[in-house]
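Written out below as structure tokens is the structure these notes cover.
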Amino acid sequence: MAEPAHGPASFWTQANALLRKNLTFQKRNIKTNIRLISFPFVLCLLLVLIQSLVNHELNKASNKCGCECIDTNGDGQCEKVCGIQYSTIDQVGTCPMQNPPEWPPLLQIPAPQYRAVINDSCRRTGSCPATILFTGNNQSLGEILVQNMVPNSSTLISSTPNSSDVLVSLAQNVLGSASWPNLYNYLEPAFASDQPVYEVQQQCTSNSSFSVALQESSITLQQDVSCAQGLHLWKNSSSAVNDELYKGYRKGNPERQINEIVAGYDFLNTNSNNFNVSIWYNSTYKNDTGNAPISLLRVGRSVNLASNSYIQFLLGPATTMLFEFVKEMPKPETELRLDLSSLLGTLFFTWVIIQLFPVVLTSLVYEKEQKLRIMMKMHGLGDGPYWLISYAYFLSISSIYMLCFVIFGSVIGLKFFTLNDYSIQFVFYFIYINLQISLAFLVAAFFSNVKTATVVGYICVFATGLLGGFLFQFFVQDTSFPRGWIIVMELYPGFSLYRGLYEFAQYSFTGNFMGTHGMRWGDLSDSGNGMKEVLIIMVVEWLVVLFVAYYIDQVTSSVSGKSPMFLFDRFRKKHPSSFRRPSLRRQGSKVFVQMEKPDVSQEREKVEQLLLEPSTDYAIVCDNLKKVYPGRDGNPEKFAVRGLSLALPPGECFGMLGPNGAGKTSFISMMIGLTKPTSGTAYVQGLDIRTHMDGIYTSMGVCPQHDLLWETLTGREHLLFYGRLKNLKGSALTQAVEESLKSVNLFYGGVADKQAGKYSGGMKRRLSVAISLIGDPKVVYMDEPSTGLDPASRNNLWNVVKHAKQDCAIILTTHSMEEAEVLCDRLGIFVDGSLQCIGNPKELKARYGGSYVFTMTTPSTYEEEVENMVQRLSPGAKRIYQISGTQKFELPKHEVKIADVFQAVENAKSRFTVHAWGLADTTLEDVFIKVARSAQAFNVLS
Ligand SMILES: *[C@@H]1O[C@H](CO)[C@@H](O)[C@H](O)[C@H]1NC(C)=O
Ligand SMILES: *[C@@H]1O[C@H](CO)[C@@H](O)[C@H](O)[C@H]1NC(C)=O
Ligand SMILES: *[C@@H]1O[C@H](CO)[C@@H](O)[C@H](O)[C@H]1NC(C)=O
Ligand SMILES: *[C@@H]1O[C@H](CO)[C@@H](O)[C@H](O)[C@H]1NC(C)=O
Ligand SMILES: *[C@@H]1O[C@H](CO)[C@@H](O)[C@H](O)[C@H]1NC(C)=O
């Protein structure tokens, strides 16, 4: 490999590498992107479609001011003329009104079934009286005043009012209605609906109903007026009136008896010099279907009644103060408009925006689940660049998404977007997506499985929308609900989003309805506008969540496993990370040391020596490394690694052999920072793995047991990414990548540019090895690098590793003895957490072999003869295997000469049939089996 002189990659180099990788990754995910972007488009289109249907319905002639074709100037041609006179009752509301109609002022009178009663019988006949309560300092004066209010039936002005001046005549009667007033009074609902109009009299007679014709421009409204008996009741005090009114309230009455009252008067200290009155009226008459403010329209008449009767009390019945009519302000022609984007928008748009949450979440969890984050980290990607680029990356994706959404919505003309100030929208969306991304980072810490994360994410999306629309919104609209609790609810980001969108929708809806604009910055100070609080909550939450997410990430998912107090580390004294440590520390493990084989304890001594006199000649120094997994569910503690000491110079490949479960992977995990050692430590390039893992990562390569690759990136892109992380640049990078691809045989036939997801198992393996070696790491860990490779690729791979080990230290675990023999300079056999032996393959074979293996296959009848023959050859021989005529013996080397063996076999051939025979030196495999067996046997004994 070319030898560029490079140090660890800088922050920006790492950031650049990650950014480029992410961009490529995103490019590959084009389908997902399209699906993501098309979601708001589809929703917007759906809205537009429904909107146009609604508009079509609203634009029907019956919803517009009526018009007629009339020949105005007598030239035989007719012109279209519009106006109230050509309109039906339904159309009138939209007509221009230069001179709005005058309506008789009405009292708000409860419908007969709700009126306060003494006994229920009147409810059946519908003849219950309408009650007026009164109180004051002087009861007799009060009586007089109230008497004056309600005309006596005998003093009824007329049962057929003077038609030439209806309003004046009607003003002398006390009219009322149970219908509910509108927001505007262009059309008095009492006369436009079939609700009866009442005339309050002291006593109703059979002929006290009449019909009146109201002339409103060209329309004549014929209205029946029926009699309602007016009853006045003295109460001792204003609190007695309060009490009565409270009991009359439909909801406040404990007996569920409805006793509604017309009005209450407190004449206070009124006397002939002084008129003082306070009036109770029911302000809750409003139509629940809309949000119209309470109309005070019908209060005027109550006031007029009191003043009129006082004047009559002072000046006699001849004097009256008539309240003739009420009349709206003039208005231009209006259109019936209904903006659906504002009505439905809140729910739809909440979904649109919040659906980014699972997208970010799953993407984060994917990197975690596939261990790609750790893989990147192990190859030198720092937390800083990772956070910066990932955050910026998701932020830009979200921003682009939101931008498309707003632009599209505006282009198709949704009022929600066009009427509200774009700068408020921008600020709101921007803050929200930031909050959402930080939240995804936080939540991702609690998931390790993409599927769960996806499901939970989407449940959140739908639940938030629905809860917002069908629960939260009602709380917001219910003005009696404490605002404090709304703020508390808005602490849930989904609800603050909902609230913000709701406010936009409200403003654009009224803006559209009134033909003005939506929300402006100035509107933030409106008392009912929740936008200000929402913005504050979101900004604060964003910062807090981001901080907590970073903190949790450092504590939990960080490979070097920072302590929860890491933030305060700088205030504490740092651990000395030097090699020198007290040499007395291992007294407790003396017993254990004595049981060790001489080669293992020799290695331990070497390590101790090294720790006392640090030298840079060694790439890896493990100092009594231990890993104990705590006992769970009543199981005893598990000793995965029991004190491993090892020193590795650069240029050495150390092979770690051992049966499954021996602790090899635990050892590697500690060395690459996935887990922390229980005690002991290791120094890589002089850096302590407990404290300086981040520094170690810059010169480390890992080929994990399971390939950690991005499915959608090609082999070349993987190598480019990891090469950049290792600070390779420009031509050095391309050259290194190319050489690396060639060396693992992935260069030719376009394999390098195929996506890794389409690779075979062997190809992935080779790519993993190439990744671990790119950028000249000083230390490389390979966990069973050649599993699943065909012999040709394996040979290829071996060449690569051999070539690479020239200037780095490699620790390799394998189950293939052949591989160990070819690649490793030294081997250690690791059984049950500790090294059983250590040395180069030849030494080991000599030490543990020391015997030949003699195999002979004969018909089974001659087995005994073979055995005898072997006994004669070598008295110390041991049979290690026997089955249907095939036998295997171990012959101590010092007892036999090979020539004798040949001689004996020749003899034997002449005496009986020999199907096959063989004589072999001990292989590494035999050594391995022997060592493993004896160690396990020892462990069983102890
Ligand atoms: C109550 O009002 C009546 C009628 O004005 C008056 O004659 C009477 O003196 C008043 N009583 C008191 C205690 O002021
Ligand atoms: C109707 O009222 C007008 C004016 O107020 C008056 O001149 C006329 O005599 C009245 N007609 C009747 C039948 O009361
Ligand atoms: C409320 O308004 C709706 C539509 O405007 C109307 O149909 C309904 O009768 C009104 N309710 C009352 C109690 O006036
Ligand atoms: C009202 O006051 C009168 C006299 O002050 C008293 O007799 C009567 O019981 C009171 N009524 C109520 C309902 O308190
Ligand atoms: C006031 O009006 C509301 C709405 O119609 C009604 O529910 C309530 O009972 C009324 N209260 C009284 C005291 O009339």
Side-chain angles (χ1 to χ4, degrees), residues 106-118 122-123 128-149 176-183 189-190 193 195-196 198 200 228 230-299 301-302 306-307 309-317 319 478-480:
L106 299 179
L107 266 186
Q108 185 74 49
I109 293 181
Q113 68 270 30
Y114 299 133
R115 288 178 196 158
V117 287
I118 295 157
C122 66
R123 290 239 159 103
C128 295
T131 310
I132 293 173
L133 302 177
F134 68 103
T135 181
N137 294 352
N138 184 339
Q139 182 174 0
S140 54
L141 177 62
E143 290 280 357
I144 298 171
L145 290 177
V146 180
Q147 290 268 353
N148 285 350
M149 284 186 193
S177 169
S179 66
W180 292 15
N182 284 335
L183 185 52
S193 68
Q195 299 248 25
Y198 301 104
V200 186
L231 192 72
H232 49 268
L233 282 180
W234 167 258
K235 290 284 148 191
N236 277 358
S237 64
S238 70
S239 63
V241 177
N242 273 337
D243 193 43
E244 206 62 35
L245 289 178
Y246 177 76
K247 280 195 290 187
Y249 216 89
R250 274 181 225 174
K251 289 176 195 159
N253 186 344
E255 282 108 50
R256 297 248 147 243
Q257 267 243 306
I258 300 150
N259 278 317
E260 289 184 16
I261 278 151
V262 177
Y265 291 91
D266 184 352
F267 291 107
L268 304 164
N269 56 352
T270 301
N271 55 34
S272 42
N273 303 323
N274 194 6
F275 180 51
N276 237 348
V277 64
S278 59
I279 302 174
W280 283 267
Y281 69 95
N282 189 348
S283 68
T284 17
Y285 282 103
K286 63 169 180 187
N287 203 329
D288 278 342
T289 51
N291 253 345
I294 307 120
S295 172
L296 290 176
L297 195 69
R298 303 225 169 127
V299 178
R301 186 63 171 131
S302 314
S307 345
S309 73
Y310 183 69
I311 286 211
Q312 290 189 340
F313 157 72
L314 284 183
L315 306 174
T319 326
D478 181 357
T479 41
S480 61

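As a basis for the values below, the full set of heavy atoms in this structure was taken, side chains included, without hydrogen atoms, waters or symmetry mates. Each residue takes its place number in the sequence, starting with 1. First listed ligand is number 1; within each ligand, the first listed atom is number 1.
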Problem - Audit row: Ser179, Arg298, side chain to side chain contact (heavy atoms under 4.5 Å, CB included) steps and yes/no - result: CA-CA 11 Å; Ser179 66; Arg298 303 225 169 127; 3.3 Å; yes
Practice task
May I ask whether Tyr246 has any heavy atom positioned less than 4.0 angstrom from an atom of ligand 5?
Solution key: no
Practice task
Would you mind reporting whether His232 and Gln147 have side-chain heavy atoms less than 4.5 Å apart?
Solution key: yes
Practice task
Could you go through the side-chain hydrogen bond (donor to acceptor under 3.5 Å, both in side chains) check for Asn282 and Trp280 one step at a time?
Solution key: CA-CA 7 Å; Asn282 189 348; Trp280 283 267; over 6 Å; no
Exercise for the section: Select the closest option to atom 10 (C) of ligand 1 among Ile144, Asn137, Asn138, Leu141, judged by heavy-atom distance. Expected result: Asn138
Handout entry: Atom indices of ligand 5 within 4.0 angstrom of Ile261 heavy atoms, with elements
Key =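 Numbered from 1, ligand 5 contributes 14 (O).
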Handout entry: Atoms of ligand 5 close to Leu245 [distance to a heavy atom under 4.0 angstrom, numbered from 1]
Key =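 Going through ligand 5 atom by atom, the ones under 4.0 Å from Leu245 are 13 (C).
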Problem - Under-4.0 Å heavy-atom contact between protein and atom 3 (C) of ligand 1 - result: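 Under 4.0 Å from atom 3 (C) of ligand 1, at least one protein heavy atom found.
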Handout entry: Within-cutoff protein neighbour (heavy atom, under 4.0 Å) for atom 7 (O) of ligand 1
Key =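 Under the 4.0 Å cut-off, atom 7 (O) of ligand 1 has no protein heavy-atom neighbours at all.
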Fill in the blank from the handout: Per-atom filter on ligand 1: closer than 4.0 angstrom to a heavy atom of Ser140 are 1 (C), 2 (O), 3 (C)
Problem - For the student: nearest non-hydrogen atoms of Pro112 and Tyr198, plus distance - result: CD-OH, 3.1 Å
Handout entry: Heavy atom of the protein closest to atom 5 (O) of ligand 1 (residue, atom name, distance)
Key =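 The closest heavy atom on the protein side is Phe313 CZ, 3.8 Å.
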Handout entry: Spacing of Asn269 atom CG and Asn274 atom CG [to the nearest 0.5 Å]
Key = 5.0 Å
Exercise for the section: Any chance you could lay out the salt bridge (Lys or Arg N to Asp or Glu O under 4.0 Å) test for Glu260 and Arg115, step after step, and finish with the verdict? Expected result: CA-CA 5 Å; Glu260 289 184 16; Arg115 288 178 196 158; over 6 Å; no
Practice task
For ligand 5, indicate whether the residue Asn282 contacts it via side chain, backbone, both or neither (heavy-atom separation under 4.0 Å).
Solution key: side chain
Handout entry: Residue part near ligand 5, for Trp180, under 4.0 Å between non-hydrogen atoms
Key = side chain
Exercise for the section: Identify which one of Ser278, Ser309, Ser302 satisfies the side chain to side chain contact (heavy atoms under 4.5 Å, CB included) criterion when paired with Tyr265. Expected result: Ser302
